Amino acid sequence: MRLTAPGARAGSPPLFHPIRGVFAEEGHAAEGTWAPNAAPVGPTRAVAPTPDYYMLEQRRSDAVLQRGLVGAVDLAAVASRRLHKHEGVSDAHVTVQEQLLHHRGGNDEPILLMAQSLGAVSDYLDHLAATPPDSVMTAADGTEQRIWACRNLAMIAEALRLADPHLLVADGHHRLEAALRFHRSRDNDGSGPASRILAVAVDSSRFPPTLSAIHRTVPDIDIEQAVRTASRFARVRRLPPRLEPPQPGHLVLCGEGQVWEVSQICRSLAESRLRELPRQWHDLDAALATHVLIPELCAAQSVERPFSYTHALPSPTSRGRLGVVLPRPTLTQIWQCAESGVALPRKSTSFTPKPMPGQISYLFEHERFEHGAREVASSAKEQFGWGQHRGRSEAEARRAAQ
């Protein structure tokens, strides 16, 4: 299902741009090779000599999990409604990501984007996958992430122009918001390298993502009292102790060896709890769990401690902590909310697989842009101090950011 009419719009600016990829040296990004003809830019990195698009592929045991196009997406696409966010963000997390962006001098992990079609680009990537990759990184679980330089700028640019894809942010909302803030505060003419962010765009018609819910756990809640409270405003039914994700329209409570299904939450209660939130949320399971069910259960037991998020299913045998299990969302539902301009509640969805960080980077100091009649070479390090701390570990960078 395509929710936005296909076809390039006259005068639409390019959305996805080539980059001078910076690659991790062998031994620093697991097993792999440097990009061809890359020049060393430090003890652990090498930069490609010219801008290019790249293909990123993940595979495990000869099964291809994901294949997408790597480049720099224009941040202006958020305002032009061609790049769609679908989840809200935490201001504290965005602040940390903005500081990390400053310390790294760019991006070393692509945000994950979904396109309903990449047109002829997908055919080209399939053809490229039959050739040897330029860089390979292997994770502890055996998953390989492979990268190819595309070496066909004109064809890919034209194919992207014809496909004119709208892109959904699947993973990386905090990094995207951090990039937007960083750009607004430091790159005022809109032409510099901070006007873009490293991304991988995946054709979801070729490689559909695995979608999962993100669940909640609530401390200090007695499950038997919680069931009695929920039964006053919803249909409650006991389930076998085997825990599975529920169907849409249903939530599950678990703990102390018990599993209960909650559905048909009182409409008037939901309307009251959600009255100041977007109308599109009123039928979303994540909103009903976070803003209706959990507050009612906490109020009944005078619990004020905040709940937590978990990607794993909560344990039905845990004590002193109530699990609230959500159903899997659908990609169509996510697209509909995103294109309406309404973000889903925080921590509603999990897209996998996600790109591994560190194998390819987009560093501001190596990018050059055409601006008016003159070429602007980034003097980021001198002007803003970008990348001063690139040699730091992740933990050191995070401590510096706080």
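Source: prediction; values computed, not measured.
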Report the residues that fulfil side chain to side chain contact (heavy atoms under 4.5 Å, CB included) with Ser350, sequence neighbours left out, ordered by chain and then residue number.
Ser212, Ile214, His311, Thr352, Lys354
Polar side-chain atom of Trp281 near backbone of Leu274 as donor-acceptor pair, under 3.5 Å
no
Checking side-chain polar atoms at under 3.5 Å, does Ser205 have a donor or acceptor matched by the opposite partner on Gln116?
no
Using atom types as modelled and distance alone, determine if a side-chain donor or acceptor of Arg20 lies under 3.5 Å from a backbone N or O of His366.
yes
May I ask you to check whether Phe23 and Tyr54 place their ring centres under 6.0 Å from each other?
yes
Could you verify whether a donor N or O on one side chain and an acceptor N or O on the other, from Glu271 and His282, lie under 3.5 Å apart?
yes
Counting only N and O atoms by type, is there a donor-acceptor contact under 3.5 Å from the side chain of Asp222 to the main-chain atoms of Gln225?
yes
For the residue pair His86 and Phe351, is the inter-centroid distance of their aromatic rings smaller than 6.0 Å?
yes
Counting neighbours of CZ on Arg181 that are heavy atoms of other residues, nucleotides or ligands and sit closer than 6.0 Å, is the number greater than 12?
yes
Check against side-chain hydrogen bond (donor to acceptor under 3.5 Å, both in side chains), Thr317 and Ser315
CA-CA 5 Å; Thr317 60; Ser315 171; 2.9 Å; yes
Determine yes or no for a side-chain-to-main-chain donor-acceptor pair under 3.5 angstrom, with Asp285 supplying the side chain and Gly249 the backbone.
yes
Checking side-chain polar atoms at under 3.5 Å, does Ser318 have a donor or acceptor matched by the opposite partner on Glu256?
no
Which of Val324, Leu326, Val325, Leu313 passes side chain to side chain contact (heavy atoms under 4.5 Å, CB included) with Val252? Answer is Val325
